[in-house]
Student: 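This is the structure, below, for whatever I ask next.
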Amino acid sequence: MRIVQLSDPHVVPAAKQPVHGQDTLERLRAAVNAVNRLDPSPDIVVMTGDQSNDGTEASYRALKDVLSPLRFPCYMATGNHDYRPVFRRVMLGESGAGSAPYYYTLDRSGYRIIVLDTQDEGEVSGRLDDGQLDWLEQELSSGLPSVICMHHPPVPVGVAWMDELILLDNTRFLEICGAAASLRLILCGHVHHDFRMDLEHATVLTAPSVGLQFRKDPVIMPDGSRVIATDEPAAFRIVDIDGPRWKTSIHQLVL
Ligand SMILES: [Fe+2]
Ligand SMILES: [Fe+2]
């Protein structure tokens, strides 16, 4: 099975571009074109959060428009920049949408894809409450080879300013994952760079952003402001899973 991970597009409408110096709308449009041309084609596309930069209706409408040519099923997790009520209304077509966490399971081709909602409303860092962790434990008990998709990485990525902002209170999450021998991968976003850590059974991967990459050492400007973005290309992750084996690569976009 081939999964394409598009992470952190941080979309805003064309009139509000750029975001940290990059046109995130055009970068996502280029990514969609590139994904459509992949050979072999992906079975699914997962978007691991920060779909919009500002959580507004206009941004989600722009996102929906730019994703419309995508030829493959696309599934989303929410990030700290998303706003669940508007996300649910525009992207999921729900009426009277509330702010309930958005987490779910997909079973595809003998694999279980578990999409978590790590958003901690009003915070940049992430959190999973006991209700979602109970549910995760149950979903992982199927014995199917499984992949978790989530926005905030559950382990430090070795970058000081980012590591204050990852999944907080990760102890029970890691215990649940450690007990799940069938768990293969944990695909995360949020940190806007490529990172890997092997756990007991599973491997944590973070993806570069399809919108803009983050500096590991922000530049402090004379006025005290911080520059956190780089000029690096947009990129996405490709994961190929075959039984217990998997391999991954990063596809960079040249605009
Ligand atoms: Fe992000
Ligand atoms: Fe984020």
Side-chain angles (χ1 to χ4, degrees), residues 4-13 16-28 30-31 45-56 59-60 62-63 66-67 74-84 86-87 91 99 101-103 115-128 132 148-170 173 186-195 204-218 226-237 250 252-253:
V4 164
Q5 182 190 10
L6 299 177
S7 201
D8 294 84
H10 287 260
V11 161
V12 294
K16 290 191 172 178
Q17 294 288 346
V19 177
H20 291 285
Q22 304 298 336
D23 188 328
T24 58
L25 197 59
E26 284 309 309
R27 283 182 154 200
L28 183 59
V45 175
V46 292
M47 299 185 71
T48 42
D50 290 352
Q51 325 299 359
S52 86
N53 193 52
D54 58 8
T56 63
S59 293
Y60 288 117
L63 174 70
V66 84
L67 290 175
C74 180
Y75 301 95
M76 297 187 181
T78 55
N80 51 294
H81 280 262
D82 291 302
Y83 182 52
R84 289 194 196 107
V86 180
F87 171 84
M91 302 310 295
S99 59
Y102 178 56
Y103 53 93
V115 181
L116 300 181
D117 185 339
T118 57
Q119 189 193 79
D120 188 7
E121 209 169 318
E123 304 294 334
V124 179
S125 54
R127 200 176 288 277
L128 291 168
Q132 195 172 164
I148 291 174
C149 302
M150 59 197 288
H151 184 62
H152 296 83
V155 292
V157 298
V159 178
W161 75 272
M162 297 178 188
D163 286 341
E164 295 178 358
L165 303 171
I166 60 172
L167 184 77
L168 303 182
D169 298 338
N170 61 359
F173 174 84
I186 303 172
L187 304 179
C188 311
H190 189 56
V191 293
H192 294 221
H193 74 271
D194 176 15
F195 165 85
V204 177
L205 296 170
T206 70
S209 166
V210 75
L212 62 139
Q213 313 314 331
F214 282 160
R215 292 176 187 276
K216 294 176 182 173
D217 294 304
R226 288 193 321 167
V227 176
I228 59 169
T230 76
D231 292 329
E232 291 169 276
F236 57 83
R237 180 179 291 287
I250 300 294
Q252 281 193 330
L253 293 157

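When a ligand or atom number is given, it counts from 1 through the structure's own listing order.
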Student: Suppose we only allow N, O or S atoms; which atom of His151 ends up nearest to the Fe ion (ligand 2)?
Tutor: NE2
Student: List the atom of Pro153, the atom of His190, and the distance in Å for their closest heavy-atom pair.
Tutor: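 Closest approach of Pro153 to His190: CD-CB, 3.9 Å.
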Student: Less than 6.0 Å separating the ring centroids of His192 and His20?
Tutor: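 No, ring centres 6.0 Å or more apart.
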Student: Strictly under 2.8 Å, is the Fe ion (ligand 2) approached by any N, O or S atom of His81?
Tutor: no
Student: So, of the N/O/S atoms that His190 has, which is the nearest one to the Fe ion (ligand 2)?
Tutor: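 Nearest N/O/S atom of His190: ND1.
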Student: Rounded to the nearest 0.5 Å, how far apart are CG of Leu128 and CG of Leu167?
Tutor: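 Result: 5.0 Å between the selected atoms.
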Student: Would you indicate whether the side-chain heavy atoms of Arg237 and Asp194 approach each other to under 4.5 Å?
Tutor: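 Yes, side chains in contact.
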Student: Under 2.8 Å from the Fe ion (ligand 2) - does any N, O or S atom of Asp50 fall there?
Tutor: yes
Student: Only N/O/S atoms count here: what is the atom of Asp8 closest to the Fe ion (ligand 1) called?
Tutor: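 Result: OD2.
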Student: Using a 6.0 Å cut-off, check whether atom CZ of Phe214 has over 12 heavy atoms from anything other than its own residue.
Tutor: yes
